[in-house]
Amino acid sequence: MEVKTIGVVGAGQMGSGIAQVAAQAGYDVVLVDVSQEALARGLAAIRRSLGKFLEKGRITREAHDEALGRLRTGLLLEDLAEADLIVEAVVEDEEVKKGLWERVGALAKPEAVLASNTSSIPITALARYSGRPERFIGMHFFNPVPLMPLVEVIRGELTSGATRDTVVEVAKRMGKIPLEVQDYPGFVSNRLLMPMINEAIEALREGVASKEAIDGVMRLGMNHPMGPLELADFIGLDTCLAIMEVLHRGFGDDKYRPSPLLRRMVQAGLLGRKTGRGFYAYDEQGNKLG
Ligand code: NAI
């Protein structure tokens, strides 16, 4: 089906990035959040990112202005009623996503395609909450969305081929590379990435090395652009913990047990870059301090 308008729910780090790439690809976009403050922050992030692209000559002034002109925001799920594709990027919490999809499933137009950007929650379960499992799919973007080329496409048990074709086409028009994976806990990306991050946190807790040394080993020895602790801060420690819990529950295997240090940091509200402090400290713009 032809997609003209994309609704994005959740204006956090991921939702704002998804809204931006959708607008840059020429779609009309409505970005919805429950919090006015989150919408303002999301829009500011989009302006900053488009401004950088303009400064570096990667987009024209016209493309910059047109992308901003295609973006609307809203505080009500009803604002999604006209969307042909709805991409959800709210917090990684199955109860929150369940409540949201029950409501969105009831108000989206009948032919709309519904997608979740979840990092780890089963697509098949979210599809069921929406009441439209054949039109539901996982569309997993990577952070920062405007720069990362991958979209993991996850078909649920009942997702139709036509739904898959629609999101593959949209992802390509956004300039992304879609890769299809099966609906198992953590899909491919987080099944591999998150246990590595969790192990780095355990190594820190056991005093194997300092955080700088742990990150340095992976950067300098394995050629990773960011060390695992820095990356955990970037993703958000609450999201990392939520993903580990899904892997632990989903496989029933203690090798996925979340690190107690990760849990304690989340309890303390030290969520990483988005709260200004995690394993490292960050300024208002999210730049690492020290
Ligand atoms: P975030 O915490 O930056 O943003 C979440 C946003 O959802 C907030 O603005 C919040 O106000 C909003 N929200 C919460 N409940 C809502 C509701 N009922 N209706 C509308 N908005 C609501 O989180 P982030 O990092 O953007 O993650 C969002 C999703 O993307 C999660 O499912 C996460 O697992 C996934 N994801 C995250 C990645 C990352 O690197 N952070 C990478 C890929 C996927």
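Atoms within each ligand, like the ligands themselves, are counted from 1 in listed order. Just so it is clear, the structure is predicted and the values come from calculations on it, not from any experiment.
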Subject >> Close approach of E88 to ligand 1, heavy atoms, under 4.0 angstrom >> reply: no
Subject >> Geometric N/O contact N143 with ligand 1, under 3.5 angstrom >> reply: yes
Original post:
What are the atoms of ligand 1, with element, lying closer than 4.0 Å to any heavy atom of T118?
Top reply: 32 (O)
**OP:** Would you mind listing which atoms of ligand 1 come within a distance below 4.0 Å of any non-hydrogen atom of V9?
**Re:** 20 (C)
Subject >> N or O contact, I235 vs ligand 1, cut-off under 3.5 Å >> reply: yes
Original post:
Which atoms from ligand 1 have a heavy atom of H140 less than 4.0 Å away?
Top reply: 43 (C), 44 (C)
Subject >> Student check: side-chain heavy atoms of L229 and I201 closer than 4.5 Å >> reply: yes
**OP:** Please report which non-hydrogen protein atom sits nearest to atom 30 (O) of ligand 1, along with the residue it belongs to and the distance in Å to one decimal place.
**Re:** N117 ND2, 2.9 Å
Original post:
Does an N or O from D238, backbone or side chain, lie closer than 3.5 Å to an N or O of ligand 1?
Top reply: no
Original post:
Mind checking whether I214 and V208 have side chains closer than 4.5 Å, heavy atoms only?
Top reply: no
Original post:
Which residue holds the protein heavy atom closest to atom 18 (N) of ligand 1, what is that atom called, and what is the gap in Å?
Top reply: L100 CD1, 3.8 Å
Original post:
Heavy-atom distance to atom 31 (C) of ligand 1: which of D93, L76, V90, I243 wins?
Top reply: V90
Original post:
At what distance, to the nearest 0.5 angstrom, does CD of Q20 lie from CD of Q24?
Top reply: 4.5 Å
Original post:
Can you tell me if F141 has a non-hydrogen atom under 4.0 Å from ligand 1?
Top reply: yes
Original post:
Looking at CD of E152 and CD1 of I177, how far apart are the two atoms once the value is rounded to the nearest 0.5 Å?
Top reply: 13.5 Å
Original post:
Side chains of E92 and T118: closer than 4.5 Å at any heavy-atom pair?
Top reply: yes
Original post:
Just checking, K97 and Y129: is the charged tip under 6.0 Å from the six-membered ring centre and within 45° of the axis?
Top reply: no
**OP:** Would you confirm whether R132, through its side chain, and A108, through its main-chain N or O, come within 3.5 Å as a donor-acceptor pair?
**Re:** yes
**OP:** Classify the side-chain pair E82/T5 by whether it contains a donor and acceptor separated by less than 3.5 Å.
**Re:** no
Original post:
Of the protein's non-hydrogen atoms, which lies at the shortest distance from atom 25 (O) of ligand 1, and what is that distance?
Top reply: Q13 NE2, 3.2 Å
Subject >> Test: K211 cationic atom under 6.0 Å from F279 six-membered ring centre, within 45° of axis >> reply: no
Original post:
Out of V30, L31, I86, V170, which one pairs with I6 under the side chain to side chain contact (heavy atoms under 4.5 Å, CB included) rule?
Top reply: V170
Original post:
Is the shortest heavy-atom distance from the side chain of T239 to the side chain of I243 under 4.5 Å?
Top reply: yes
**OP:** Among all protein heavy atoms, pick the one closest to atom 4 (O) of ligand 1 and tell me residue, atom and distance.
**Re:** G12 CA, 3.3 Å
**OP:** Can you figure out which of S189, S116, S119 has its heavy atom closest to atom 34 (O) of ligand 1?
**Re:** S119
**OP:** State whether a side-chain donor-acceptor pair under 3.5 Å links S120 with N190.
**Re:** no
**OP:** If you have a sec, work out which protein heavy atom is nearest atom 11 (O) of ligand 1 and how many Å separate them, to one decimal?
**Re:** D33 OD1, 2.7 Å
Subject >> For atom 28 (C) of ligand 1, the protein heavy atom that lies nearest, with its residue and separation >> reply: A89 O, 3.3 Å
Original post:
With a 4.0 Å heavy-atom cut-off (strictly under), which part of V34 contacts ligand 1: side chain, backbone, both or neither?
Top reply: both
**OP:** Consider every N or O of T239 and every N or O of ligand 1, then say whether any pair is closer than 3.5 Å.
**Re:** no
Original post:
Taking the minimum heavy-atom distance to atom 23 (O) of ligand 1, which of K274, M14, E92 ranks first?
Top reply: K274
Original post:
Can G236 be said to touch ligand 1, with heavy atoms closer than 4.0 Å?
Top reply: no
